[in-house]
Amino acid sequence: MGASSDPNQDGSDEQQRRSEIYTYEAPWHIYAMNWSVRKDKKYRLAIGSLIEQYPNRVEIVQLDDSNGEIRSDPTLSFDHPYPPTKLIFIPDKECQRPDLLASSSDYLRLWQISDSDNGRRVELKSLLNNNRNSEFSGPLTSFDWNEAEPRRIGTSSIDTTCTIWDIEKEVVDTQLIAHDKEVYDIAWGGVGVFASVSADGSVRVFDLRDKEHSTIIYESSEPDTPLVRLGWNKQDPRYMATIIMDSSKVVVLDIRFPTLPVVELQRHQASVNAIAWAPHSSCHICTAGDDSQALIWDLSTMGQPAEGGLDPILAYTAGAEIEQLQWSSSQPDWVAIAFSNKLQILRD
């Protein structure tokens, strides 16, 4: 990621690496952001606006490899009710399914991207609302798309619930009261297993084969300290990471040893906002926060005591507080960050 890689590399190689940073300026503050997964849509991302009013925007942008410009396609830009809290493209690397983008805000929505002879366009395919009897619904804080079973999406809500949708049938598979307070994030760990974090300060794991029970993997050491983000290591599902609200540390957990963090990453100088496990390596994680830093860590030594704690192996400094971070699963040497109205993609 350029900014502080191996000082022993020769200068020209370092210069080449440093130039592998591409920036896109949106007309608004960016919050939600994610990579496309399809192998036929390289360097494609979706970004969502954070505007304090009902109409917001989503843009689908793509890096033009020939000239190094990230461009927005006006035909793939659309209005979105409220700021999307998360955006995820369908986990379909082999292009076997329709090209879908999911978003969460007041409801879960699925958008179909069409690229035909008649041109490109985005259309709302599904609006998934579990509270049809009520005029109001608890806003969705986050969601995750199940890679092993792409018909399943799990959402988390401020109404303390997690809802598992069958998006093909457009019906609720399961709804669970997951926590005592607002649920801030959800992550799949396999076909029928997911975890969530909450304002109640706990990480809980659920197995859909036994919906009556959950396992508390971790609780914040100070009472009523919310956990706001959760990342489950796809390459080694024994490990997950969570962020404590307004804290500069990231807590890494081993689900075989509940309650005790396996390591705490403590090199950020301000609140951490985002975490992303490497999609191609079981021991690397990227973290980013209000200190404008994106840090990559090698956790292969995390079981061994390190004097003064673990240090990151790479650091990149952005132009403002980093609010969003995503590691590309189809092009794993690329990381994307969002800060202010800028999207940057970096080759690590």
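Through direct or relayed side-chain contacts under 4.5 Å between Ile, Leu, Val, Met, Phe, Trp and Tyr, Ile216 connects to no other residue.
Judged purely by distance below 3.5 Å, without hydrogens or angles, the side chains of Tyr24 and Glu59 pair a donor atom with an acceptor atom.
When each of Gln324, Lys342, Arg57, Met33 is tested with Ile47 by the rule side-chain contact (heavy atoms from CB on, under 4.5 Å), just one qualifies, namely Met33. Partner of Ile113 under the side-chain contact (heavy atoms from CB on, under 4.5 Å) criterion, out of Lys41, Arg120, Arg44, Arg121: Arg44 alone.
The side-chain heavy atoms of Ser202 and His179, taken from C-beta on, include a pair separated by under 4.5 Å. Here the side chains of Leu295 and Tyr316 are not in contact, with every heavy-atom distance at 4.5 Å or above.
Between Arg204 and Asp180 there is a salt bridge, since a side-chain N of the basic residue sits under 4.0 Å from a carboxylate O of the acidic one. Between Arg238 and Asp254 no salt bridge is recorded (no basic side-chain N to carboxylate O distance below 4.0 Å). Look at Glu168 and Arg97 and you find a salt bridge, because one of the NZ, NE, NH1 or NH2 atoms lies within 4.0 Å of a carboxylate O, short of that distance.
Remark: Ala199 engages Lys181, Glu182, Tyr184, Pro226 in a side-chain contact (heavy atoms from CB on, under 4.5 Å) (not counting sequence neighbours).
The CG atom of Asp224 lies 11.5 Å from the CE atom of Met245; values are rounded to the nearest 0.5 Å. Ile88 contributes atom CD1, which lies 12.5 Å from atom CG of Leu100 (distance to the nearest 0.5 angstrom).
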- Run the numbers on Trp35 and Tyr43 for ring-ring contact (aromatic ring centres under 6.0 Å, His included), then give the verdict. CA-CA 7 Å; Trp35 290 93; Tyr43 307 111; 7.2 Å; no
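Checked against the 6.0 Å centroid threshold, Trp145 and Phe89 do not count as a close aromatic pair.
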